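All remarks here apply to the structure that follows.
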Amino acid sequence: MATFELARFTVKADDVDLLLKRWPAAVEAIGSACPGLIEANLVRLDETTWIDIWRWETHELAVSAAQEAPSIPAAAEMFSLISGPPTMEHGEVVMHKQVGERS
């Protein structure tokens, strides 16, 4: 069953440009090293607070990737920008409904 990984973290305002530069490389590196990544989204809540929303094929693949990611150099570079402890949760998709495009 597909699983969403939700990671909430803060980055100092001075480091936001670096985050936006490093995040795509981290996603590519994690996706290459860890099977099952379907999509990744970076969401800004305010000037310094962010949520990463990643969808994985299974809960097991999501948890495995979360454990392996800190050892991946591009991910470690991005993680180095995080100030304070991040939070992370994994949740399995119970229901899904695709909604058509709206104009």
Side-chain angles (χ1 to χ4, degrees):
M1 184 69 62
T3 293
F4 279 93
E5 176 180 279
L6 308 167
R8 182 182 179 121
F9 57 93
T10 59
V11 173
K12 294 177 184 172
D14 292 344
D15 289 335
V16 167
D17 287 341
L18 271 176
L19 171 68
L20 297 176
K21 180 179 178 183
R22 292 179 182 177
W23 186 84
V27 172
E28 287 297 322
I30 293 169
S32 292
C34 303
L37 180 61
I38 298 169
E39 67 176 307
N41 300 275
L42 180 63
V43 178
R44 182 194 310 246
L45 297 179
D46 60 39
E47 186 176 315
T48 61
T49 309
W50 302 82
I51 296 180
D52 248 343
I53 304 171
W54 294 34
R55 185 165 50 125
W56 294 88
E57 291 176 5
T58 69
H59 180 82
E60 293 76 18
L61 291 172
V63 170
S64 176
Q67 293 170 347
E68 186 175 339
S71 68
I72 299 170
E77 284 184 11
M78 190 201 75
F79 296 157
S80 73
L81 300 173
I82 295 173
S83 58
T87 62
M88 181 180 289
E89 298 177 298
H90 292 99
E92 290 184 342
V93 175
V94 176
M95 298 180 100
H96 173 78
K97 170 109 174 80
Q98 186 72 33
V99 179
E101 289 187 31
R102 300 177 189 169
S103 50

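Keep in mind the model is a prediction, meaning the values are calculated, not measured. We number each residue from 1, following the sequence as shown.
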Is the backbone of Glu77 close enough, under 3.5 Å, to the side chain of Ser80 for a donor and an acceptor to pair up by distance?
yes

Transitively linked via ILVMFWY side-chain contacts under 4.5 Å: Ile30 with Val43?
no

Joining Ile, Leu, Val, Met, Phe, Trp and Tyr whenever any side-chain heavy atoms lie under 4.5 Å apart, the cluster holding Ile38 also takes in none

Tell me, which pairs form a side-chain hydrogen bond (donor to acceptor under 3.5 Å, both in side chains) where one or both residues lie in residues 2-16, sequence neighbours left out?
Glu5-His90, Thr10-Ser83

Between Phe9 and Ile51, does the side-chain contact (heavy atoms from CB on, under 4.5 Å) criterion hold? Intermediate values first, please.
CA-CA 6 Å; Phe9 57 93; Ile51 296 180; over 6 Å; no

Where is the tightest heavy-atom contact between Ala74 and Ala26, given as atom of each residue plus distance?
O-CB, 3.8 Å

Closest heavy-atom pair and its distance - Pro70, Ala76:
O-CB, 3.7 Å

Close side-chain approach of Trp50 and Leu81, heavy atoms under 4.5 Å
no

Please check if Leu45 and Leu6 belong to a single hydrophobic cluster, counting links between Ile, Leu, Val, Met, Phe, Trp and Tyr side chain heavy atoms closer than 4.5 Å.
yes

Start with the C-alpha distance between Trp23 and Leu18, add both sets of side-chain angles, then the distance that settles side-chain contact (heavy atoms from CB on, under 4.5 Å), and finish with yes or no.
CA-CA 8 Å; Trp23 186 84; Leu18 271 176; over 6 Å; no

With a 4.5 Å limit on heavy-atom distance, are the side chains of Phe4 and Val93 in contact?
yes

Kindly give the heavy-atom pair with the smallest separation between Leu20 and Pro24, and that separation in Å.
O-CD, 3.3 Å

Could you see if Val16 belongs to whatever hydrophobic cluster contains Phe79? Use Ile, Leu, Val, Met, Phe, Trp, Tyr and a side-chain cutoff under 4.5 Å.
yes

Would Asp52 and Met78 count as a side-chain contact (heavy atoms from CB on, under 4.5 Å) if you check the C-alpha gap in whole Å, the side-chain angles of each, and the deciding distance to 0.1 Å?
CA-CA 12 Å; Asp52 248 343; Met78 190 201 75; 4.3 Å; yes

Side-chain heavy-atom pair Val27, Trp54 within 4.5 angstrom cut-off:
yes

Criterion side-chain contact (heavy atoms from CB on, under 4.5 Å) on Thr48 and Val11, from CA distance to verdict:
CA-CA 5 Å; Thr48 61; Val11 173; 5.8 Å; no

OG (Ser32) and CD1 (Ile72) are apart, to the nearest 0.5 Å, by 9.0 Å

Suppose the criterion is side-chain hydrogen bond (donor to acceptor under 3.5 Å, both in side chains): which pairs have a residue in residues 56-73, not counting sequence neighbours?
none

